[in-house]
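Worksheet: one structure, shown below.
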There are 2 protein chains.
Amino acid sequence: MATRQRGRPRSFDRLTALEQATMAFWEHGYETTSVSDLTRAMGISAPSLYAAFGDKRTLFEEVVETYAVSYGAYGGRALAEEETARAGIGRLLSEAAELFTEPGHPRGCLMISAAVNCSTPEVEESLRARRNANLASFEARIRRDVERGALPPDTDAAALARLSGAVLQGMSQQARDGAEKEELAAVARLAMRAWPAEAPPAGAEAEVTGRAATGPPSPEAPVPGAPAPETPAGRGA
Amino acid sequence: MATRQRGRPRSFDRLTALEQATMAFWEHGYETTSVSDLTRAMGISAPSLYAAFGDKRTLFEEVVETYAVSYGAYGGRALAEEETARAGIGRLLSEAAELFTEPGHPRGCLMISAAVNCSTPEVEESLRARRNANLASFEARIRRDVERGALPPDTDAAALARLSGAVLQGMSQQARDGAEKEELAAVARLAMRAWPAEAPPAGAEAEVTGRAATGPPSPEAPVPGAPAPETPAGRGA
DNA sequence: GTCTTTCCATAGCGACCACTACGGAATTGA
DNA sequence: TCAATTCCGTAGTGGTCGCTATGGAAAGAC
């Protein structure tokens, strides 16, 4: 890649167009967003779209990938940065309440809602796989805390992960159904009460009655906050 | 309506055809199920479909209505028959785990998934209204228990209702994503742990936390299994 | 300038969409 | 039997779908 490319350079910004396509898909879903909707939203013509992004399905996959990186990364960060699985998922749900209702972009989560009832099985399957991968990352994070002793040994990690994913998905639909940020935040807060009593993260003194801290706990106590990436595809479960 | 109708009688059973249309819409959603999909599933030709059911949208509305009555009624019954809101919603979620994964029909809930990303706003809005009505019926049922003293006075009825709806919606999507009955049942069971401690249902010993009787001080104590329909449109929230 | 390369707008492809005009077949009441 | 009435299969409506062939305009290299 030495010389600059020869011919006429393209007259639109590829990343801007991609973001506009993201908004369109996010709002209306894969199937319901037609190519002519896309060209209108992106401000380019159909041949330009096909030259720059391949076909509609390839464009959607690229949209999902950038969405997972730029938005879904919140979830991965919450899980990785927080001391415990409980704090991580609590923060993830709380941030989701904000993200799902934030002005400036469509409501809810693209990975959750954009390929429901999709007649292209590959597309539906692609997002389903991302959702299930995130469920698996929830479960792994919880299981780690169980093994570490931060959660009771009889904790059902799979069920807790699935519940967290279900709440997240329900919050997404309710955001699209008109729920406001505070309402979803209350749901997120309440959902954390289903968690078992949190054991002391490490060497600290004990404490008994269930239902411990909900918010971000000790800034940095023991256990040097696992660098773990843990979630390959961002939020969405 | 005295005399029998004159001409040639229709050669298919209307209710059977309606049920086959229900299965098609349930599986693929409103938008993605084409009229030719419907005629194939129902075993009739397009003109017969239009003569018997009006247009596609009218057929869908009729499908939704019968679905709400025959399937969604489970939810209304659970809410009406159980002693407490907690028991009612607990039973509703547990029955949903079964219904959403039962063989013999598509997975998940038609009212939750069939009009996501729908390009016909009236259809999308119609199911959204049913979901929100069910949320409201959850909230009313919970609020009644709070006023009755069966739940603590500081219970956030709206948030608890919304959480229940979110879990239900998430369970529907996870059923479609492949979750099995036991997994969803575990989610349902776990979700009920978010509920506050249940107070004795009626005239039992006093309780502490402030605030004297607010609402109607439960004239008839334990409230026998309320005949109330309570939910006009069945499950779906 | 000239040539080469690439972009992009017009215009149109076949396929499918929801929906319906038509006419023969079937079943009634008289 | 004869109309009257209704059903339903064939075939086709205009419209939109995802996608692309063509060809002029624009911007580099020389």
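To find a chain, count down the sequence lines: A is the first, B the second, and so on, and within it residues start at 1. Quick note: numbers below take in every heavy atom, side chains included, and nothing from hydrogens, waters or symmetry partners.
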Nearest heavy-atom pair of B/Ser164 and B/Leu93: which atoms, and what distance?
-> O-CD2, 4.1 Å
With sequence neighbours left out, write down each residue that passes salt bridge (charged side-chain N to carboxylate O under 4.0 Å, His left out) with [X], or none if nothing qualifies.
| X | value |
| --- | --- |
| B/Glu98 | none |
| B/Asp156 | none |
| B/Glu182 | none |

I need the residues from [range] with at least one non-hydrogen atom less than 4.0 Å from DNA chain C; give them sorted by number, or say none.
| range | answer |
| --- | --- |
| residues 54-63 of chain B | B/Asp55, B/Lys56 |
| residues 24-38 of chain A | none |
| residues 39-49 of chain A | A/Ser45, A/Pro47, A/Ser48 |

Between B/Leu79 and B/Phe138, does a side chain to side chain contact (heavy atoms under 4.5 Å, CB included) hold up when you go through it step by step?
-> CA-CA 8 Å; B/Leu79 239 52; B/Phe138 287 6; 3.8 Å; yes
Answer yes or no: is there a side-chain heavy-atom contact under 4.5 Å between A/Phe12 and A/Gln20?
-> no
Just how far, in rounded Å, is P of D/dC7 from CZ of B/Phe53?
-> 12 Å
Provide, to the nearest angstrom, the distance between the CZ atom belonging to B/Arg14 and the P atom belonging to D/dT6.
->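 Rounded to whole Å, this separation is 16 Å.
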Quick one: is C/dC19 close enough that its OP1 or OP2 comes under 4.0 Å of any side-chain N or O from B/Tyr50?
-> yes
If you measure from CG on B/Leu160 to CD1 on B/Ile142, what distance do you get to the nearest 0.5 Å?
->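 Answer for the CG-CD1 pair, B/Leu160 versus B/Ile142, is 4.5 Å.
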How many angstroms lie between CD in A/Glu125 and OG1 in A/Thr120, if you round to the nearest 0.5 Å?
->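 It is 13.0 Å, given to the nearest 0.5 Å.
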Should B/Glu31 and B/Asn117 be marked as a side chain to side chain contact (heavy atoms under 4.5 Å, CB included) after you check the CA-CA gap, both sets of side-chain angles, and the distance that decides it?
-> CA-CA 8 Å; B/Glu31 202 79 30; B/Asn117 296 131; over 6 Å; no
A/Tyr30 and A/Phe25 aromatic ring geometry - parallel, tilted or perpendicular at 30°/60° bounds = parallel
Between D/dG18, D/dC8, C/dC7, spot the one nearest the side chain of A/Arg10, thanks.
-> C/dC7
